[in-house]
Amino acid sequence: MHSPVAARVSECPIGSLLIIDDSSVQRAHTVGICRSLGVGMIYEAGSGAQAIELIGSLVAPPALIIVDLEMPEMDGIELIYQLKQRQYMAPLIVASGREPALIQAVEAAAHNLGFRVLGGMQKPVDPGALSRAFARAGQGEVIVEADTPKVPEVEISADLLARAVAAGMVGVHYQPKVDMRTGIVRGVEALARWTRPGLDAVAPDRFIPLAEREGLIYPLTLSVMDQALAQAAEWNARGLRLSMAINLSPGLLDHRSLVDEVLALVARHDVQPNQVVLEITETSAVACWGAALGVLARLRLKGFGLSIDDYGTGFSSMQQLSRIPFTELKIDRSFVRGVHQRGNLRVILQSALDMARQLDLVTVAEGIETIEDWRLLQECGCSTGQGYFIGRPMPAGEFPQWLKRHQGVLHTLRWAARRSPA
Ligand code: C2E
Ligand code: CA
Ligand code: CA
């Protein structure tokens, strides 16, 4: 069953892959296509158990895995969990005879587990679909080799975080937000980064929840805001006026002093409130009542923009959200990633965009990773885009270089309306 097939065609970005399918006919079909696409080394397994045994026995595990869903004993979903448990994090393609909604659910689950998912497709596998998924492997994120040793995660504690905030070691990276018609940069989102000398930066997903639990989110946010506003002022002085988006945790809105502190900061840096957008997640907006609602209303009254972040993850009704004077709707990346090949996502996306337009809200799509998704969002009329396809979060020092590179690709991003037949 473990039959490596050697055939090299230089343009194929896939050096080796593993096809897991209990049907030998389907496997042979997929092997044939992979061979014609020039994959170097093709491994096969007829079950999940066989796949795990095979991967464990290889010196260099496969760079990509194509997994079937319906298999006796261990199904494809269980297999994906097992791969995660063993840290075999090769990029995945999900191929199944089942309905697209199910395939998409598995793709999303694998993505949430940390896998890079190159695509989902119906069986029998189609050469075009497979070759497009392969092409994705060569774009954007570098493929994490399955045998990359895991860096052990360093313990973090409330005490360490408190000291880091006080010492100004929680810095800020900036991710561009661009106009989807022209590609021109309109603003940036400030994203916190805990940097430690000689060690990897800690991602915010690890320390923001800690800061929220341990009462550190207030000083942390004020520090992020201070740095972000200083940066905005510096860019203003150079003629680059960018809107600055800053994330607000729900607990902050219970501090009545927040509005005055924020006003003092914008005044100190000589930045107008209307240049600042405060992002509040949909989930926290729904739970926002009483004093917290008063804080948001005051911020809006002073001229700050208010954005509903991660829209689509909170099951809110428009009635609930309309209590808050939002100016922007930011569609969660789970509705954006891969939207060009997911009909049902497109429906949800389009209705959110239509609703936002009627409410006169700026629309932002976050998590745009490919040109295909960029084009589709343009067609849907989304006003602003953000994502790795445009630019990753970066230190302010790298922004001028990014801007220069970005100017060079503007013409490819521009919206070219389809010419209507005469
Ligand atoms: P968020 O507000 O939804 O921020 C967007 C996140 O998506 C960022 O992750 C960004 O790096 C990531 N992202 C952007 N484009 C793409 C893309 O194309 N693909 C993918 N896969 N991801 C993309 P990051 O910087 O790790 O931040 C994670 C979360 O941490 C943020 O999610 C936000 O909720 C929170 N956070 C970050 N900074 C702050 C802060 O200063 N205060 C508070 N309260 N929360 C913060
Ligand atoms: Ca955000
Ligand atoms: Ca978000």
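What you see below is based on every heavy atom in this structure, not just the backbone, and it leaves out hydrogens, waters and symmetry mates. As the structure lists them, so they are numbered: ligands from 1, and atoms in each ligand from 1. Numbering starts at 1 and runs along the sequence shown.
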Compute the minimum heavy-atom distance from [X] to ligand 1 and say whether it is under 4.0 Å.
X      : answer
Lys330 : no
Gln386 : no
Gly367 : yes
Glu212 : no

Practice prompt. Mark yes or no for whether Thr195, through its side chain, and Ala201, through its backbone, hold a donor-acceptor pair below 3.5 Å.
Written response: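 Flag not set: sc Thr195 to bb Ala201 has no pair under 3.5 Å.
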
Mind checking the [atom1]-[atom2] spacing from [X] to [Y]? Nearest 0.5 Å is all I need.
X      : Y      : atom1 : atom2 : result
Asn112 : Lys84  : CG    : NZ    : 10.5 Å
Ile308 : Phe326 : CD1   : CZ    : 4.5 Å
Asp68  : Ile19  : CG    : CD1   : 11.5 Å

Atom indices of ligand 1 within 4.0 angstrom of [X] heavy atoms, with elements:
X      : answer
Asp309 : 2 (O)
Val224 : 41 (O)
Pro393 : 11 (O)
Asp310 : 3 (O)
Ser249 : 44 (N)
Ile368 : 18 (O)
Glu189 : 2 (O), 4 (O)

Practice prompt. Not counting sequence neighbours, list each pair that qualifies as a side-chain hydrogen bond (donor to acceptor under 3.5 Å, both in side chains) and has a residue in residues 350-359.
Written response: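 side-chain hydrogen bond (donor to acceptor under 3.5 Å, both in side chains) check on residues 350-359 returns Gln350-Asp354, Asp354-Arg357.
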
Discussion item. Distance check below 3.0 Å: does Ser307 bring an N, O or S atom to the Ca ion (ligand 2)?
Written reply: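 Under 3.0 Å: Ser307 has no N, O or S contact with the Ca ion (ligand 2).
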
Discussion item. With respect to the Ca ion (ligand 2), please indicate if Asp309 possesses an N, O or S atom at a distance under 3.0 Å.
Written reply: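 Here the distance criterion (N, O or S atom, under 3.0 Å) is met by Asp309, so yes.
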
Discussion item. Can a side-chain donor-acceptor contact be found between Gln386 and Gln175 if the only test is distance below 3.5 angstrom?
Written reply: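 Yes, a side-chain donor-acceptor pair sits under 3.5 Å.
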
Worksheet item: With the Ca ion (ligand 2) as the point of reference, which N/O/S atom of Glu189 is the closest?
Response: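 Result: OE2.
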
Item to complete: Give the name of the N/O/S atom in Glu279 that lies closest to the Ca ion (ligand 2).
Response: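 Considering only N, O and S atoms, Glu279 comes nearest to the Ca ion (ligand 2) through OE1.
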
Worksheet item: Is Arg298 paired with Asp260 through a side-chain N to carboxylate O contact shorter than 4.0 Å?
Response: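 A salt bridge links Asp260 with Arg298.
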
Worksheet entry | Residue portion contacting ligand 1 (non-hydrogen atoms closer than 4.0 Å) for Arg337 |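 Neither; nothing of Arg337 gets under 4.0 Å from ligand 1.
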
Worksheet item: Using a heavy-atom cut-off of under 4.0 Å, does the side chain or the backbone of Ile208 touch ligand 1, or both, or neither?
Response: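 The side chain, only.
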
Worksheet item: Taking the six-membered ring for Trp, is the centroid-to-centroid distance between Trp235 and Tyr174 below 6.0 Å?
Response: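 Ring-ring flag for Trp235/Tyr174: true, centres closer than 6.0 Å.
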
Discussion item. Could you check whether atom CG of Asp360 has more than 12 heavy atoms from other residues, nucleotides or ligands sitting under 6.0 Å from it?
Written reply: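 No, because the 6.0 Å sphere around CG of Asp360 holds 12 heavy atoms or fewer from other groups.
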
Discussion item. Check this for me: Arg323, atom CZ, are more than 12 non-hydrogen atoms of other residues, nucleotides or ligands nearer than 6.0 Å?
Written reply: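 Yes, the 6.0 Å shell around CZ holds more than 12 heavy atoms from other groups.
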
Worksheet item: Only one of Val339, Asn344, Thr363 forms a side-chain contact (heavy atoms from CB on, under 4.5 Å) with Leu349, so which one is it?
Response: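 Exactly one option meets the side-chain contact (heavy atoms from CB on, under 4.5 Å) with Leu349, and it is Val339.
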
Worksheet item: Below 3.5 angstrom, do we get any N/O pair linking His111 and ligand 1?
Response: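 Between His111 and ligand 1, no N or O pair is found under 3.5 Å apart.
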
Discussion item. For ligand 1, which is the ligand I care about here, please tell me if Thr221 has any N or O atom under 3.5 Å from one of the ligand's N or O atoms.
Written reply: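 No - when backbone and side-chain N and O of Thr221 are compared with those of ligand 1, no distance drops under 3.5 Å.
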
Worksheet entry | Residue list, ring pair (Phe, Tyr, Trp, His ring centres under 6.0 Å) with His255, at least two apart or on another chain |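 Counting only residues at least two positions away or on another chain, His255 forms a ring pair (Phe, Tyr, Trp, His ring centres under 6.0 Å) with Tyr218.
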
Worksheet item: If you measure from atom 20 (C) of ligand 1 to every heavy atom of Arg193, Met225, Glu369, which option wins on shortest distance?
Response: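 Residue with the shortest heavy-atom distance to the ligand atom: Glu369.
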
